[in-house]
Amino acid sequence: MANMNLSLEERNLTPDQVTSLDRRRQWGLALQVISGQCAFFAILLTVWAGQDLTYSPGWEYPMAYYMVLAGILAVITGAYGTWLRRGRPEF
């Protein structure tokens with residue numbers, strides 16, 4: 001008998017499909033962890049980016065660019081990791 005707690009797409013999967021589903025969700029969790037690390041790093045970089053934007057001449061703001069890059073990476077990896085982890089959890 002199929003597990004009724006699962007969605008319709010996941011009820012009658014073969015063992016190979018279950019393995020690929022688990023692998024997809026593991027990658028999703030890994031990307032969410034990377035997203036959290038990038039977000040934390042971007043928050044730490046705000047201190048140096050503010051100082052960089054205040055005192056650097058011209059368009060030379062490397063810390064501000066790093067902060068923006070870390071923030072963009074956090075959003076992209078978080079969104080993609082969440083998309084990979086879609087569906088019902090194991091437990």
Pairs under 3.5 angstrom only: tabulate donor-acceptor contacts from the side chains of residues 36-50 to other protein residues two or more places apart or in another chain.
| from | atom 1 | to | atom 2 | distance (Å) |
| --- | --- | --- | --- | --- |
| Thr46 | OG1 | Ile43 | O | 2.6 |

### Query
Is it true that Tyr80 and Val75 fall in one hydrophobic cluster, defined by side-chain heavy atoms closer than 4.5 Å?
no
### Message
Under 6.0 Å from the ring centre and within 45 degrees of the ring axis: does the NZ or CZ of Arg86 meet both conditions for the six-membered ring of Trp83?
### Response
yes
### Query
Of all heavy-atom pairs between Ile34 and Thr77, which one has the smallest distance, and what is that distance?
C-OG1, 4.2 Å
### Query
Are Met63 and Tyr55 connected in the hydrophobic side-chain network, where two residues link if heavy atoms are under 4.5 Å apart?
no
### Summary
d(Gln51 CD, Thr54 OG1) to nearest 0.5 Å is 7.5 Å
## Note on the structure
Those residues at least two apart in sequence (or on a different chain) that pass side-chain hydrogen bond (donor to acceptor under 3.5 Å, both in side chains) with Thr82 are Gln32
### Query
When hydrophobic residues are tied together by side-chain contacts of less than 4.5 Å, even through go-betweens, does Val68 share a cluster with Ile76?
yes
### Query
Closest approach of Leu31 and Leu84, non-hydrogen atoms and distance?
CD1-CD1, 3.8 Å
### Query
Is there side-chain contact between Arg23 and Thr19, with at least one heavy-atom pair below 4.5 Å?
yes
### Distance-minimising heavy-atom pair for Trp59 and Tyr65
O-OH, 2.9 Å
### Query
Where is the tightest heavy-atom contact between Ala64 and Asp52, given as atom of each residue plus distance?
N-OD2, 3.7 Å
